[in-house]
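Structure record follows, encoded as structure tokens.
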Number of protein chains: 2
Amino acid sequence: MPDPDLAFAAHDHAHCAHDALTRAEAVTAAAGARMTPVRRRVLEILLEEHKALGAYDVLARLATEGFGNQPPVAYRALEFLVEQGLAHRIQRLNAFTACVHPGQDHAPAFLICRTCHTVAEAEATAARASLDAEAARAGFQVERSTIEALGLCPNCRGQA
Amino acid sequence: MPDPDLAFAAHDHAHCAHDALTRAEAVTAAAGARMTPVRRRVLEILLEEHKALGAYDVLARLATEGFGNQPPVAYRALEFLVEQGLAHRIQRLNAFTACVHPGQDHAPAFLICRTCHTVAEAEATAARASLDAEAARAGFQVERSTIEALGLCPNCRGQA
DNA sequence: CTATGTATGTAATATCATAACACGTCAAGA
DNA sequence: TCTTGACGTGTTATGATATTACATACATAG
């Protein structure tokens, strides 16, 4: 996964999204989990853009498409996707974003542009290793980590 | 700041808290900001333990002490403390914790024990540097970062 | 002493999230 | 085949977190 993050660069997004969806199907199948219509649709919605969507945003979309319109519908699908590693929760935004490379073991960091709100998934193996090491110095065992950055993406930086 | 984190170790907490409070007064004075009764009290409350408190927890305490009992009272004081670098927001918990070494420039990471809920502030300079570097590869400029770990503290690890 | 900016108090409301229960579907085993 | 149990979905209701807007009080510079 050596590519610096694509989210900010012009790219064939239809392909990017389709590819992620295909891999998602494979991941769920391998896990013996069920990729139901709601779940697939939520993932598709998240894949439409490199942004993070709140549960209620997703819910509104679902509701117009004939799915349930109560919060648990969205939260359950999102929770499922996160558990399967197909989506990530962005703590800073109370929102969710599709995983760009599902199925691969990875330590993600998220780069959140404060201007255009694009969210890029970056590689955080090194940062995570530092965190683990520093935690170990205190005798703390890290199980899950949240690494998020707020700042300016290259595009918005150019305009400032 | 070479000390591995104290939060998990037995220590003279009264001194630890008093020291932080003293430094906090100095910080606000230097910044030309006002350390008012509500603000001081909120900081004292946060300093009582190495835990994170929700805004409503703080608010409940304030209310019993004759301060206002509406959410903005707590949120404003907390926001002030965070701005001054005297407290930190723990995104994962939607909660706040007092800064252990106010006044010093530092890149904090937070170690959150999932069992005893102690929150330790660790040094994250290295992790932050990795994050900045990886972000730079994508042309992203980091302004603020959130680095949090969820796991087991040494004490709770011993009991498991 | 008074004008100005800042802090506090309060009401109302917005936003985010979960508990609890009912119903439907599907597949495994009696 | 029938039944049972696990799982997914839908819905109601509620809980938890956070902000907007406006009124009042207070400190300090002029």
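Just so we're clear, the structure is a prediction, and the values are computed from it rather than from any experiment. Residue numbering restarts at 1 for every chain, and letters A, B, ... go by the order of the sequence lines.
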Base versus backbone protein contacts along nucleotides 4-18 of chain D [heavy-atom cut-off under 4.0 Å; B, S, -]: ---SSBBBB----BB

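- Regarding B:Leu62, its CG atom lies at a distance of 17 Å from the P atom of C:dA7, rounded to whole Å.
- The shortest side-chain heavy-atom distance between A:Leu59 and A:Pro71 falls under the 4.5 Å cut-off.
- The existence of a salt bridge linking A:Arg61 and A:Asp57 is excluded, since no basic side-chain nitrogen approaches an acidic carboxylate oxygen closer than 4.0 Å.
- Salt-bridge annotation for B:Arg41 and B:Glu44: present, with a side-chain N of the basic residue lying under 4.0 Å from a carboxylate O of the acidic one.
- Contact check of residues 41-52 of chain A against DNA chain C (heavy atom, cut-off under 4.0 Å) returns no residues at all.
- By the side-chain hydrogen bond (donor to acceptor under 3.5 Å, both in side chains) test, B:His18 pairs with no residue at all, sequence neighbours left out.
- In this structure A:Arg40 satisfies the side-chain hydrogen bond (donor to acceptor under 3.5 Å, both in side chains) test together with A:Glu25, sequence neighbours excluded.
- Here B:Glu83 pairs with nothing under the side-chain hydrogen bond (donor to acceptor under 3.5 Å, both in side chains) rule; sequence neighbours left out.
- For the pair B:Glu65 CD and C:dT8 C1', the interatomic distance rounds to 16 Å; values are reported in whole Å.
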Begin from the C-alpha positions of B:Glu134 and B:Arg137 and carry the test salt bridge (charged side-chain N to carboxylate O under 4.0 Å, His left out) through to its verdict. CA-CA 5 Å; B:Glu134 184 62 26; B:Arg137 292 219 308 143; 3.5 Å; yes

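- At whole-Å resolution of the value, CG in B:Leu78 and P in C:dA7 are 15 Å apart.
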When the side chains of residues 89-98 of chain B are checked against the rest of the protein, which donor-acceptor pairs come out under 3.5 Å, sequence neighbours left out?
residue : atom : partner  : partner atom : Å
B:Arg92 : NH1  : A:Thr146 : OG1          : 2.7
B:Thr97 : OG1  : B:Lys51  : O            : 3.2

